[in-house]
Amino acid sequence: LEKRHAQAWMAEFPSSTVVTPEQSVQLGSTSSGPMHRYASMFRRGLVQVKLFRWLKSVAKDNAADSLLFQGPLESALAGFVASRFGMKAYWFVPNAVDTTKPFDVNRRIYRTLFYHANVIPVSNSRYTDSTFGTGDFERHVIHLGVDVDHYRPGVDATLVRSKFSIPYDAPLIGLFARMHPSKGQLRLIEALSASRTEFHVLLCGGPTEGPYFELMRSRISTLNLNSRVHIAGPQSDLRSYYAACDIIANLLDGIE
C-alpha cells in the first residue's frame with residue numbers, strides 16, 4: 001500500500017500490475033499514551049473498513065488465491081478479504097510483537113484473526129513467532145537469507161574506518177538495526193563500558209532523534225565513550241559497514 005514499495009516491486013517484476021485505491025488513505029502509527037493508542041486503533045479500524053470494498057474487488061477481479069502483507073495494521077483488512085473468498089492471507093512478520101499492551105489486546109486480536117480469518121503468521125525467527133503466544137493455528141518461520149553475491153567478502157572497509165577515525169587494528173562491533181530500546185543499542189553501550197576493553201562500536205540505523213536516541217547519546221557522553229561509539233545513522237548500502245566490523249551483534253533488550 002506504500003508507493004515506494006510498489007515502485008520497488010515493479011522494478012523487480014516488470015510484468016506485475018500495481019493497483020492503488022481511488023482515495024488516498026493513511027494507516028499511520030499509534031500515538032503515545034494509552035487513550036491516544038486506543039483512539040488511533042479505532043481510527044485505523046475505520047480506515048480498513050473503507051479499504052475493504054476496494055481490496056475485495058481487486059482480489060475478485062484478479063482471481064487471487066492468496067494475500068501477502070507485512071504491516072500489522074493490514075492484518076484485519078487482509079483477514080476479512082481472505083475469509084470472504086476462502087483464501088489465505090500470509091503475514092510476513094518482521095518484528096517481535098508487543099507483549100505489554102493493556103489486557104494483551106493486540107495479541108488477542110491477532111490470535112482471533114489466526115483462528116477465524118485465515119491469517120497465517122510467517123515470522124522471521126522462532127523468537128518473533130513465540131511472541132504471539134501458544135495456540136493451535138497455522139504458523140511458519142522463515143529465517144532471513146543473505147545474498148552472498150551482494151554481500152561478498154573483499155569489500156573495502158578502510159573508508160568506513162577512516163570516516164569515523166577507527167584504528168584499522170581496533171576490534172569493532174557492529175549493530176545494524178532500528179534505533180529502539182528493543183534492539184539493544186543502549187545495552188551494548190553499557191556492556192562496552194563495563195567490559196573495560198578497547199573495542200569500538202558502530203551503530204547503523206535510525207531514527208537519529210527522539211527520546212531513546214537522546215538517552216543513548218547522553219549515556220555515551222556520561223560513560224566517556226564518544227571516541228569509541230560511532231553513530232552512522234541510516235544507510236542505503238551496508239556492505240562496506242559490514243566489512244569494517246569484526247563482530248556483528250544482534251541484541252534484545254525488552255520486547256516491542
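The analysis underlying the following values was restricted to heavy atoms, covering all of them including side chains, and did not include hydrogens, waters or symmetry mates.
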Going only through I, L, V, M, F, W and Y residues with side-chain contacts under 4.5 Å, is there a path from Val146 to Leu238? yes
If you draw a 6.0 Å radius around CG in Asn224, do more than 12 non-hydrogen atoms from other residues or ligands fall strictly inside? no
Check step by step if side chain to side chain contact (heavy atoms under 4.5 Å, CB included) holds for Arg126 and His143. CA-CA 8 Å; Arg126 289 189 177 90; His143 297 286; 3.7 Å; yes
Is Ser162 reaching over with its side chain to a backbone N or O of Thr158, donor-acceptor style, under 3.5 angstrom? yes
Val155 backbone acceptor or donor facing Arg239 side chain under 3.5 Å: no
Do the non-hydrogen side-chain atoms of Arg111 and Asp104 ever get within less than 4.5 Å of each other? yes
Could you tell me the separation between the SG atom of Cys245 and the CG atom of Leu202, rounded to the nearest 0.5 Å? 5.0 Å
Inter-residue atom distance Leu113.CG - Ser75.OG, 0.5 Å rounding: 5.0 Å
State whether a side-chain donor-acceptor pair under 3.5 Å links Asp61 with Ser57. no
Atom CG in Leu225, atom NE2 in His200: separation rounded to 0.5 Å? 10.0 Å
Compare all side-chain heavy atoms of Pro121 with those of His140 and state whether any distance is below 4.5 angstrom. no
Without swapping roles, check the side chain of Arg228 against the backbone of Phe199 for a donor-acceptor pair under 3.5 Å. yes
side-chain contact (heavy atoms from CB on, under 4.5 Å) with Val201: which of Ile231, Leu172, Leu188? Leu188
Apply side chain to side chain contact (heavy atoms under 4.5 Å, CB included) to residues Val93 and Asn124 and explain how you reach the verdict. CA-CA 6 Å; Val93 189; Asn124 61 6; over 6 Å; no
Which atom names give the shortest non-hydrogen contact between Leu223 and Ser193, and what distance separates them? CD2-OG, 3.5 Å
Can Ser240 and Asp156 be said to form a side chain to side chain contact (heavy atoms under 4.5 Å, CB included), step by step? CA-CA 6 Å; Ser240 59; Asp156 183 12; over 6 Å; no
More than 12 non-hydrogen atoms from neighbouring residues, nucleotides or ligands closer than 6.0 Å to CZ on Phe132, yes or no? yes
Are Trp54 and Val49 co-members of a hydrophobic cluster defined by side-chain heavy atoms under 4.5 Å apart? no
Which heavy atom of Arg108 sits nearest a heavy atom of Phe103, and at what distance? NE-O, 2.9 Å
Point-to-point distance, once rounded to the nearest 0.5 Å, from CD1 of Ile189 to CZ of Arg219: 9.0 Å
Can you tell me how the ring of Trp91 sits relative to the ring of Phe114, calling it parallel under 30°, perpendicular over 60° and tilted otherwise? tilted
Please say yes or no: joined through hydrophobic side-chain contacts below 4.5 Å, possibly via intermediate residues, are Ile142 and Phe137 part of one cluster? no
Between Phe69 and Tyr90 (judged by ring centroids, cut-off 6.0 Å), do the two rings come close enough to count as a pair? no
Does any part of the side chain of Pro72, heavy atoms only, come nearer than 4.5 Å to the side chain of Tyr110, both counted from C-beta? yes
Whether Glu74 side chain and Gly71 backbone form a donor-acceptor pair below 3.5 Å: yes
Write down the atom of Tyr115, the atom of Asp136, and the distance for their closest heavy-atom approach. OH-N, 3.2 Å
Minimum heavy-atom separation for Ala82 and Ala117, please, with both atom names. CB-O, 4.1 Å
Is there a side-chain contact between Arg139 and Asp129, using heavy atoms and a 4.5 Å cut-off? yes
Short side-chain to backbone donor-acceptor contact, Asn118 and Ala89, under 3.5 Å: no
Contact check, side chains of Val81 and Leu67, non-hydrogen atoms, under 4.5 Å: yes
Whether Asp98 side chain and Thr100 backbone form a donor-acceptor pair below 3.5 Å: yes
How long is the straight-line distance from CD of Glu12 back to CD of Gln7, given to the nearest 0.5 Å? 14.5 Å
Is it true that Ile247 and Leu175 fall in one hydrophobic cluster, defined by side-chain heavy atoms closer than 4.5 Å? yes
Which residues share a ring-ring contact (aromatic ring centres under 6.0 Å, His included) with Tyr151, sequence neighbours left out: Tyr242
Under 4.5 Å between any side-chain heavy atoms of Gln235 and Tyr241, yes or no? yes
Report the C-alpha distance between Glu138 and Lys88 in whole Å, list the side-chain angles of each, state the deciding distance to 0.1 Å, and finish with yes or no for side chain to side chain contact (heavy atoms under 4.5 Å, CB included). CA-CA 11 Å; Glu138 185 176 350; Lys88 294 182 177 181; 3.3 Å; yes
Hey, could you give me the OH/CG distance between Tyr212 and Leu186, rounded to the nearest 0.5 Å? 5.0 Å
Minimum heavy-atom distance between His180 and Gln185, given as atom pair plus value: O-OE1, 3.2 Å
Strictly distance-based, threshold 3.5 Å: is any side-chain N or O of Ser221 a donor or acceptor partner for the main-chain N or O of Ser218? no
Report yes if some heavy atom in the side chain of His230 is under 4.5 Å from a heavy atom in the side chain of Ser165; otherwise report no. no
So Lys183 and Leu251, do their side chains get closer than 4.5 Å, heavy atoms only? no
Transitively linked via ILVMFWY side-chain contacts under 4.5 Å: Leu68 with Leu77? no
Give a yes or no on this: more than 12 heavy atoms of other residues, nucleotides or ligands lie within 6.0 Å of atom CG of Asn250. no
Go through it in stages, so that I can follow the logic: the residues are Asp246 and Arg161, the test is salt bridge (charged side-chain N to carboxylate O under 4.0 Å, His left out), and I'd like the CA-CA distance, side-chain angles, deciding distance and then a yes or no. CA-CA 12 Å; Asp246 300 292; Arg161 288 197 173 233; 3.1 Å; yes
